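Reviewing the structure listed below.
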Amino acid sequence: MATPKDATPTTTIGAGGETHQTASTPDARITTNHGAPVSDNQNSLKGGPRGPTLLEDFVLREKIQHFDHERIPERIVHARGSAAHGFFELTDSLADVTRARVLTEVGVKTEVFVRFSTVAGGAGSIDTPRDVRGFAVKLYTKEGNWDLVGNNIPVFFIQDAIKFPDLVHAVKMEADRGYPQAASAHDTFWDFVGLMPETTHMVMWQMSDRTIPRSYRMMEGFGVNTFRLLDEDDNATFVKFHWRPRLGTQSTCWDEAVKIAGADPDYHRRDLFEAIDGGNFPEWEFGVQLLTQEEADALPFDILDATKVIPEELVPIRVVGRLVLDRNPDNFFAETEQAAFLPTNVPPGIDFSEDPLLQGRLFSYQDTQLSRLGTVNFHQLPINQAKGCPFQNFQRDGHMQMQVPKGRANYEPNSLAEHGEIGGPREDPDGGFRSFRQPVEETKVRLRAETFADHYSHARLFYRSLTDIEQAHLASAMVFELSKVVIEAVRLRVLANVQNVDAGLAKRVAEGLNMDLPPKSKAAAAPQDMEPSPALRLIGKYPDSLVGRMVGILVTDGADGAVVAAVRKAAQDAGATVKIVAPKIGGVTLKGGKTLAADGQLAGTPSVLFDAVALVLSEAGCAELLGENAATDFVANAFVHLKAIGHTAEAQPLLDKAGVQPDAGIVDLAGGADGFIAPASTRQWDREPKVRILA
Ligand code: HDE
């Protein structure tokens, strides 16, 4: 067909007389899935312009059929997530304990794909429920993919994989009514918790501010289960994996998280995408806690029990690498949705422990991909392919085979190479994956090890390690959640268990519920007091900072442009992103006549979307905003969410209307913008008792 290379789009007339742009360059043309060029993508094939559509129209049928099947089953847990590409770089060799090249070759950058997720909600749920976050890292190493499928909390609810379906059923929407979505605050979850005291430690973390993170970029990540590293001679060292965010950690306030859910259900997804898009690449330190069998044996708890944490103060974290996310996916479905993480993906030199939770995971992830992705060949999807090295074996055929293997040899051993034919790959006893030679001869039993019996010491350690503020938040979260529990006996059972954690906590929660405290439940093993671990806190663990955070400046017509510019500069210099919020999206006319464009309209851009706000208003502008509830909410919410509020003198009537009382976080910008930066870099914790009754 002779189509000129530089052909310009032509115009066709549709049946209704409307016009459509159609590209006629050969490489821009639409084809069917089988390659036939499509002449008309606007009209189906009909018996006459007003006649019935013909079955013969394979273009229509193929297009509609493909659309009908666009969705695949969502993940049963961690359905809602978002992801990014990047790299892992080793900064310090672990050659003393492992032969995995990804952990021994300093300076080498390994491609990664990281998916963050919530756990309980469906794929279309909100980003900010109180929930654990998944932190799944796929490293495309030279020795096969290594999937470190972790969470933002270092422990888990249960000790044995056989309880996982029960846990997940209990936390997800209740079976008959189909709600609540993405929320643990309901009867069935707390019923399970009360009946399974092993959940208590993780529940403490879940009720802490860790489960309402400010950003995926500001979360710690943990491998959770204990793994092994194996050296050249297959000597083993136990290992726990850690990711520590360079931006530090910050959480939202619970009331704020609830409001963000309405203002921007995609809050974390957008935050990650925009940060990377804007060149602010999130980064984490990679660290390991290493311990020998003897060191593990000397600990007063079992490191095979995933409900236990190894305090950093007991076994320090050795930082050996960094993770940088610098590229957004090109296609959400092809990459983020089709990514399949498998804890069984480990390169030679990394091995599993006998942690019974991990052991169950080793089966589950491979299996779940079959129902989700529908084929044993899901590893051939681009996002799942081993990129650091090819995969080659004699597994053949199956749904969606995308490779075209050559030759007759689809079995091993074969001698075809000796006859000039393709023989195929062979096993590699030296370089291949070898398991730790763990002796296993014992009686088959269904038993929980005695060393797993203590369900409360680590819950106590966690609670007692928190700052007063964090303890108050934890207690209040429990009050909130248990207040949503209708069956009183369920609440009482939880309170009886919490008595074993800390009598003060149990009392606070009981008072918050206005219930009598039941007697302490019987603990399978008496709780022990451990040395508090400050590393478990959020507040004070990382320095205050505006880096990677967001400042919103509310402006009106007649506002002083010099003040806007000064605040913007100071905040940007401190590392923040700045957005202008105005009553109308078209922006404002500043004092002196210059116009200022807006990034967001006031009613649709509430202060919950910012870490700190500034009000640069004119007198008339402020007077007008007194009649706009969105303006009062903007200021009142910034105040109750403990944010810094910088303001011009003209904004005082709005501050008064919103109930703002002066404190160190309320900054008059007449003194310059610099004074706003320090309070904007943190929350005004001292303000909290004035604005919220905490348990
Ligand atoms: Fe998972 N988990 N899990 N999990 N998990 C899944 O696999 C499972 C557990 C975690 O972004 C599923 O591909 C069992 C602990 C993350 O795609 C499934 C048990 C930790 C993700 C599954 C656990 C995790 C999953 C669902 C108890 C922290 C999302 C979809 C034995 C270390 C990965 C999928 C992504 C996903 C099973 C417990 C983290 C069903 C049986 C502990 C981050 O296979």
Side-chain angles (χ1 to χ4, degrees), residues 72-85 112-123 131-139 145-172 196 198-199 201-202 205-206 210-211 216 219-227 239-243 268-269 272 304-309 325 329 332-333 335-346 352-374 378-379 381 383-384:
I72 60 172
E74 64 179 38
R75 291 163 173 84
I76 169 66
V77 281
H78 297 266
R80 181 168 180 82
S82 43
H85 296 271
V112 301
F113 187 69
V114 180
R115 182 174 180 271
F116 304 105
S117 48
T118 56
V119 180
D131 196 0
V132 179
R133 298 301 189 281
F135 194 128
V137 184
K138 188 183 279 293
L139 299 98
N145 290 351
W146 174 26
D147 293 357
L148 188 46
V149 196
N151 279 343
N152 75 330
I153 285 175
V155 292
F156 202 63
F157 289 104
I158 47 170
Q159 297 173 322
D160 189 309
I162 202 164
K163 295 311 297 170
F164 191 64
D166 298 301
L167 165 73
V168 174
H169 288 170
V171 71
K172 282 205 158 224
M196 297 283 298
E198 71 197 55
T199 60
H201 183 202
M202 175 77 159
W205 286 79
Q206 187 203 1
R210 298 250 178 185
T211 48
Y216 287 143
M219 294 188 322
E220 294 182 339
F222 305 92
V224 179
N225 300 114
T226 300
F227 287 80
V239 60
K240 290 273 192 188
F241 296 111
H242 295 254
W243 302 106
H268 286 151
R269 179 174 290 192
L272 182 67
L304 299 185
D305 174 357
T307 68
K308 303 295 191 295
V309 68
L325 298 181
F332 186 88
F333 182 84
E335 302 181 277
T336 310
E337 194 60 18
Q338 293 198 122
F341 293 87
L342 313 173
T344 33
N345 275 354
V346 284
F352 317 114
S353 73
E354 290 70 47
D355 171 347
L357 195 70
L358 176 60
Q359 294 283 318
R361 296 181 74 203
L362 300 181
F363 162 72
S364 177
Y365 291 65
Q366 173 79 20
D367 183 51
T368 204
Q369 311 310 339
L370 290 186
S371 68
R372 214 163 66 73
L373 297 168
F378 67 87
H379 59 282
L381 291 166
I383 195 66
N384 296 327

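In this text, all values refer to a predicted model and were calculated from it rather than measured experimentally. Just so it is clear, the values below take in all heavy atoms, side chains as well, and ignore hydrogens, waters and symmetry mates. All ligand and atom numbering here is 1-based and tracks the order in the structure.
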Can you name the atoms of ligand 1, numbered from 1 with element, that are less than 4.0 Å from a heavy atom of Ile76?
40 (C)

Any idea which protein heavy atom is nearest atom 34 (C) of ligand 1, and the distance to it?
Thr368 CG2, 3.4 Å

For Val119, all residues meeting side-chain contact (heavy atoms from CB on, under 4.5 Å), sequence neighbours excluded
Val77, His78, Asp131, Val132

Give me the nearest non-hydrogen protein atom to atom 25 (C) of ligand 1 as residue plus atom name, then the distance to 0.1 Å.
His78 CD2, 3.2 Å

Purely on distance, is any nitrogen or oxygen of Ser364 under 3.5 Å from one on ligand 1?
yes

Mind checking whether Phe135 and Phe116 have parallel, tilted or perpendicular rings, split at 30° and 60°?
perpendicular

Measuring from non-hydrogen atoms of Gln369 to any atom of ligand 1, is the shortest distance under 4.0 Å?
yes

Contacting atoms of ligand 1, where contact means under 4.0 angstrom from a heavy atom of Gly223:
32 (C)

Close N or O approach (Arg115, ligand 1; < 3.5 Å):
yes

Protein heavy-atom partner closest to atom 17 (O) of ligand 1 - residue, atom, separation in Å
Arg75 NE, 2.7 Å

Tell me, which protein residue and heavy-atom name are nearest atom 28 (C) of ligand 1, and how many Å apart are they?
Asn151 ND2, 3.2 Å

Quick check: are there more than 12 heavy atoms from other residues, nucleotides or ligands sitting under 6.0 Å from CD1 of Ile162?
no

Given Phe113, Phe156, Phe116, which has its nearest heavy atom closest to atom 38 (C) of ligand 1?
Phe156

The protein heavy atom nearest to atom 5 (N) of ligand 1 is Tyr365 OH, 2.7 Å

the protein heavy atom lying closest to atom 8 (C) of ligand 1 turns out to be Phe164 CE2, 3.2 Å

Might you confirm whether atom CZ of Phe333 has over 12 heavy atoms from other residues, nucleotides or ligands at distances under 6.0 Å?
yes

State the atoms of ligand 1, each with its element, that fall below the 4.0 Å cut-off from a heavy-atom position in Ala161.
31 (C)

So that I know where these two stand, are Phe241 and Phe222 an aromatic pair - ring centroids less than 6.0 Å apart?
no

Here the atoms of ligand 1 under 4.0 Å from any heavy atom belonging to Phe341 are 11 (O), 17 (O), 33 (C), 35 (C)

Atom indices of ligand 1, in the order listed, that fall short of 4.0 Å to a heavy atom of Leu357:
27 (C), 31 (C), 42 (C)

Gap separating the CG atom of Asp147 from the CG atom of Leu139, nearest 0.5 angstrom:
8.0 Å

Could you tell me whether Lys163 and Asp166 make a salt bridge, using a distance below 4.0 angstrom between a side-chain N and a carboxylate O?
yes

Under 4.0 Å from one or more heavy atoms of Gly134, ligand 1 contributes atoms 43 (C)

In the protein, which heavy atom is nearest to atom 9 (C) of ligand 1, and how far is it?
Arg361 NE, 3.4 Å

Please state whether Gly150 comes within less than 4.0 angstrom of ligand 1, counting heavy atoms only.
yes

